[in-house]
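Data block below; observations after.
By convention here, the first residue in the shown sequence is residue 1. Each ligand, and each atom within it, is numbered from 1 in the order the structure gives.
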Amino acid sequence: MYRKLIEATKFIEGSIHVKPKVAIVLGSGLGQYADRIKNAITIPFAKIPHFLPTSVEGHEGKLIIGTLAQPNQATTPAVPVAVLQGRLHFYEGHSMDQIVFPTRSLCMLGIDTIVMTNAAGGINPSFREADLILITDHINLMGDNPLRGPNLKELGPRFPDLTEAYSQGCLDAIRAAAARLGMSLREGVYAALSGPTYETPAEVRMLRALGADAVGMSTVPEVIAANHFGVRVTAVSCITNLAAGITSRKLSHSEIVQNAGRSASRLFTLLDEAIPDLVHTTAPENIATAKPSAPAAGATA
Ligand code: HPA
């Protein structure tokens, strides 16, 4: 696996002209953020060695690398970013290793922060459709973990600490960005389930009792892999629906993708405002040692 990561990372390095500092993973219905990237190089996942194509409607499957135009371009330097337009999901049948492969490649490219976005169902009774939620913590109920199995020490330690899985510095930067914009930003704990079924109303009641504010089928594997590598993580959910049983409305994927599109412009404004400050917050402490140019002795693909 490590050798495959090195091959993918080298391929990406050979295709780009800026070294990204921040990666952004775009969830269902949020892919249009990639249109804001200037001087963009677009690489379909299918062209990158060992990247798998995505199969879900609303997920494009492209890596876009370039710079993010700043709202105050004159005073702030453009931020070099890598955008994953589309992601792989556990419910598609992929292994956790496959799901986190693009994230790990970007970690090995040298990013220091990753911004996850997703569509989620609202569990907290005060949440409304189209709310933006800053994820402060998660509950992994997927029944698997990308770090299960032998630990590749080049990617990080055996037992990573997740006390601050969502970087405090990034949380503060995003809160401050929302305040400057006068934008309402809620906060909460994200529970990740495997899907692909939406939850039953009884499961939603259970999740609420467990302390979850929102529920979805993504994000947590990548958050774990990035934390393992020592890359700082932050994540924002768009509440596309109230979770099952909170209203009598039935859930449909196409409606959820459409609803994500409705919160998208506010989310994009927030990301534009916050991302320059994510670069400027202090560097992560324990960046793992992996470099695409330094294959591990005895690493096997
Ligand atoms: N449940 C799980 N995943 C989701 C939901 C939901 O209600 N909405 C968007 N993604």
Side-chain angles (χ1 to χ4, degrees), residues 24-33 54-61 84-94 96 99-100 115-144 166 185-224 234-268 270-271:
I24 305 150
V25 181
L26 300 176
S28 306
L30 302 171
Q32 279 177 355
Y33 191 68
T54 58
S55 68
V56 187
E57 187 203 328
H59 287 269
E60 296 281 341
L84 288 170
Q85 193 184 41
R87 58 152 67 94
L88 303 169
H89 297 85
F90 197 47
Y91 60 72
E92 293 173 82
H94 303 304
M96 284 284 174
I99 291 167
V100 302
V115 182
M116 309 293 302
T117 66
N118 62 38
I123 293 177
N124 183 317
S126 73
F127 287 178
R128 298 284 167 262
E129 237 174 65
D131 277 352
L132 295 180
I133 310 298
L134 186 57
I135 301 179
T136 53
D137 204 346
H138 73 227
I139 303 175
N140 179 11
L141 295 170
M142 290 183 132
D144 203 346
Y166 299 83
L185 179 66
R186 310 297 308 276
E187 299 194 2
V189 172
Y190 176 89
L193 276 65
S194 72
T197 51
Y198 292 110
E199 300 68 40
T200 63
E203 285 166 344
V204 170
R205 289 194 296 276
M206 173 194 75
L207 293 170
R208 187 173 164 194
L210 290 179
D213 297 295
V215 58
M217 307 175 193
S218 69
T219 304
V220 162
E222 297 99 314
V223 169
I224 292 172
T234 196
V236 182
S237 291
C238 293
I239 298 298
T240 49
N241 57 284
L242 300 182
I246 294 184
T247 71
S248 54
R249 283 256 306 280
K250 293 200 172 172
L251 306 184
S252 93
H253 178 67
S254 56
E255 234 175 88
I256 281 172
V257 172
Q258 257 180 29
N259 286 350
R262 285 199 200 112
S263 329
S265 71
R266 271 180 306 122
L267 173 65
F268 297 171
L270 179 63
L271 295 181

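In this structure, Asn140 contributes its side chain and Asp144 its backbone to a donor-acceptor pair below 3.5 Å.
Below 30°, between 30° and 60°, or above 60°: for Phe268 and Tyr33 the angle between ring planes is between 30° and 60°, a tilted geometry.
The minimum heavy-atom distance between Thr197 and Met217, with the atom names listed, is O-CE, 3.5 Å.
No option in Val220, Val223, Ile24 other than Val223 meets the side chain to side chain contact (heavy atoms under 4.5 Å, CB included) test with Met116.
Contact shell of ligand 1 (protein heavy atoms, cutoff 4.0 Å): Ala119, Ala120, Gly121, Tyr198, Glu199, Val215, Gly216, Met217, Thr240, Asn241, Leu251, Ile256.
Here CD of Gln85 is found 6.5 Å from CG of Leu26. Values are rounded to the nearest 0.5 Å.
Put simply, the side chain of Ile99 does not reach to within 4.5 Å of the side chain of His89, judged on heavy atoms.
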